[in-house]
Protein chains: 2
Amino acid sequence: MTSPCYCTQLRTATRKVAAAYDAALAPVGINIAQYALLRMIQNRQQVSLTELGRVADLDRSTIGRNVKVLERDGLVQTGRGEDQREAVVSLSPRGVEALAAATPLWEACQRQIEKRLGADKIEALRAIAHAV
Amino acid sequence: MTSPCYCTQLRTATRKVAAAYDAALAPVGINIAQYALLRMIQNRQQVSLTELGRVADLDRSTIGRNVKVLERDGLVQTGRGEDQREAVVSLSPRGVEALAAATPLWEACQRQIEKRLGADKIEALRAIAHAV
DNA sequence: GCAATAAGCGGGTATATGCACACACATGAC
DNA sequence: GTCATGTGTGTGCATATACCCGCTTATTGC
């Protein structure tokens, strides 16, 4: 009897959880990946793509493309840093609004997950996330 | 102080774990998603896309596209079922070989994750996966 | 100051994923 | 038998993600 694939378990769980967050955030027109990215940008005011990639643990090119979507939707502004190679990103007023509108919806999801998993599994999730 | 986003924790952890499995399976030319899909097909010998989607908890169209990649690579064969609407999938000889070659590599990943997380977090992961 | 190297980006290519829509085939009511 | 309804697919469109390559802009060694 083969053991269950831990990776597949994670992937499936993540898809389902992300779908729940996406559905909750839909009224604001953003998904959970975008919400997380907007939050990172807000926390840093102004940040380069490479720095965002480092913080988000994502490939720089992925960040660049995701930021492009946010920019198209008017949620962030981009420009050049002092270092002319850097593309710096910051929230637009609409981005600030969207983030403010999304946060209570996100909070509700957080509470829902906490209720669903219970404190022990929430702690385990944190531990797993730090371990990998 | 805002709580960490459970969804983002999951997404990040999953990306990292999946990358490890993908790297391990690279010699066989498949990734972890494909490995999981091949296993599901093998376990059922012959199966329709809708059934695969149900088992994998994936959208049918996603399954259809993923199967198309496996077919292009010669790992599965597709045809029509008795119900002419159904597209049935089965492993090709090369798919059987690839699966056999991949399994020890996958096993090594499983052991690595077990070592990294420890029995308690492995059990917690199982519990989380079942809870969502 | 200039050449070599490093760093930051953008775009091409590829996979995984979901939703909506259109089309084909099956089934059941009559 | 025929028509309405339901089921199974395929495709278009969109996002997230990673890797590789080439271009531009620092930085560094001398």
Side-chain angles (χ1 to χ4, degrees), chain A residues 7-8 10-23 25-26 29-38 40 46-73 75 78-89, chain B residues 7-8 10-23 25-26 29-38 40 46-73 75 78-89:
Chain A
C7 186
T8 303
L10 264 174
R11 281 166 38 83
T12 303
T14 297
R15 275 201 310 274
K16 292 186 184 177
V17 170
Y21 280 75
D22 286 350
L25 294 175
I30 63 177
N31 61 32
I32 184 59
Q34 295 171 329
Y35 177 75
L37 189 51
L38 288 174
M40 288 180 222
Q46 181 148 89
V47 58
S48 76
L49 298 187
T50 293
E51 168 70 3
L52 267 182
R54 211 172 47 69
V55 172
D57 232 307
L58 284 171
D59 190 88
R60 184 187 39 68
S61 68
T62 296
I63 291 287
R65 289 175 163 94
N66 293 358
V67 162
K68 192 154 295 198
V69 173
L70 294 177
E71 185 175 22
R72 184 205 59 196
D73 295 347
L75 303 180
T78 65
R80 285 286 147 182
E82 284 199 21
D83 182 331
Q84 288 297 301
R85 293 171 302 183
E86 278 188 353
V88 296
V89 190
Chain B
C7 185
T8 303
L10 264 174
R11 281 165 38 81
T12 303
T14 297
R15 275 202 309 276
K16 292 185 184 177
V17 171
Y21 280 75
D22 286 351
L25 294 175
I30 62 176
N31 61 31
I32 184 58
Q34 296 171 330
Y35 177 75
L37 190 49
L38 287 175
M40 288 180 222
Q46 181 147 88
V47 57
S48 76
L49 298 187
T50 292
E51 169 71 3
L52 267 181
R54 211 171 48 69
V55 172
D57 230 310
L58 284 171
D59 190 87
R60 184 186 38 69
S61 69
T62 296
I63 291 288
R65 289 176 220 280
N66 293 359
V67 162
K68 192 155 297 200
V69 173
L70 294 177
E71 185 176 22
R72 183 205 60 196
D73 294 348
L75 303 179
T78 65
R80 286 287 149 183
E82 283 200 22
D83 182 332
Q84 287 297 302
R85 292 170 302 182
E86 278 188 352
V88 297
V89 191

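To find a chain, count down the sequence lines: A is the first, B the second, and so on, and within it residues start at 1.
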Classify the nucleic acid contact of A/Asp22 as base, sugar-phosphate or nothing, counting any heavy atom under 4.0 Å across all strands shown.
-> nothing
Let me know the distance between CD of A/Glu71 and C1' of C/dC9, rounded to the nearest Å.
-> 14 Å
Rounded to the nearest Å, what distance is computed from the CG atom of residue B/Leu75 to the P atom of nucleotide C/dT15?
-> 12 Å
How close or far is atom P of C/dA6 from atom CD of A/Glu86, stated in whole angstroms?
-> 19 Å
First and last nucleotide of DNA chain D, 5' to 3', lying under 4.0 Å from heavy atoms of chain A | D/dT15 to D/dA26
Are side-chain heavy atoms of B/Leu25 and B/Asn31 found at a separation under 4.5 Å?
-> no
Passing option when A/Val47 is tested against A/Leu52, A/Ile63, A/Val55 for side-chain contact (heavy atoms from CB on, under 4.5 Å) = A/Leu52
May I have the distance from A/Ile63 (atom CD1) to C/dC9 (atom C1'), rounded to whole angstrom?
-> 13 Å
Begin from the C-alpha positions of B/Asp57 and A/Arg15 and carry the test salt bridge (Lys or Arg N to Asp or Glu O under 4.0 Å) through to its verdict.
-> CA-CA 9 Å; B/Asp57 230 310; A/Arg15 275 201 310 274; 5.9 Å; no
Over all atoms of both residues, closest heavy-atom pair of B/Leu10 and A/Thr14 = O-OG1, 3.5 Å
For B/Lys68 and B/Glu71, what are the C-alpha separation, side-chain angles and deciding distance, and is it a salt bridge (Lys or Arg N to Asp or Glu O under 4.0 Å)?
-> CA-CA 5 Å; B/Lys68 192 155 297 200; B/Glu71 185 176 22; over 6 Å; no
Identify the two heavy atoms, one from A/Arg80 and one from A/Arg85, that lie closest to each other, and give their separation to 0.1 Å.
-> NH1-O, 2.7 Å
Select base, sugar-phosphate, or nothing to describe what B/Arg54 touches, counting heavy atoms under 4.0 Å on all strands.
-> nothing
Nearest non-hydrogen partners of B/Leu49 and B/Gly64, listed with the distance | CD1-CA, 4.0 Å
Per-nucleotide protein contact along nucleotides 17-24 of chain C, 5' to 3', at a 4.0 Å heavy-atom cut-off (B base, S sugar-phosphate only, - neither), is BBB-----
More 5' along DNA chain D: A/Arg72 or B/Val88, using each one's nearest nucleotide?
-> B/Val88
Looking at every strand, decide which applies to B/Asp83 at a 4.0 Å heavy-atom threshold: base, sugar-phosphate, or nothing.
-> sugar-phosphate
Which atom of A/Val88 lies closest to which atom of A/Gly81, heavy atoms considered | CG1-CA, 3.8 Å
Between B/Ser61 and B/Asp59, which heavy-atom pair has the shortest distance, and what is it?
-> OG-OD2, 2.6 Å
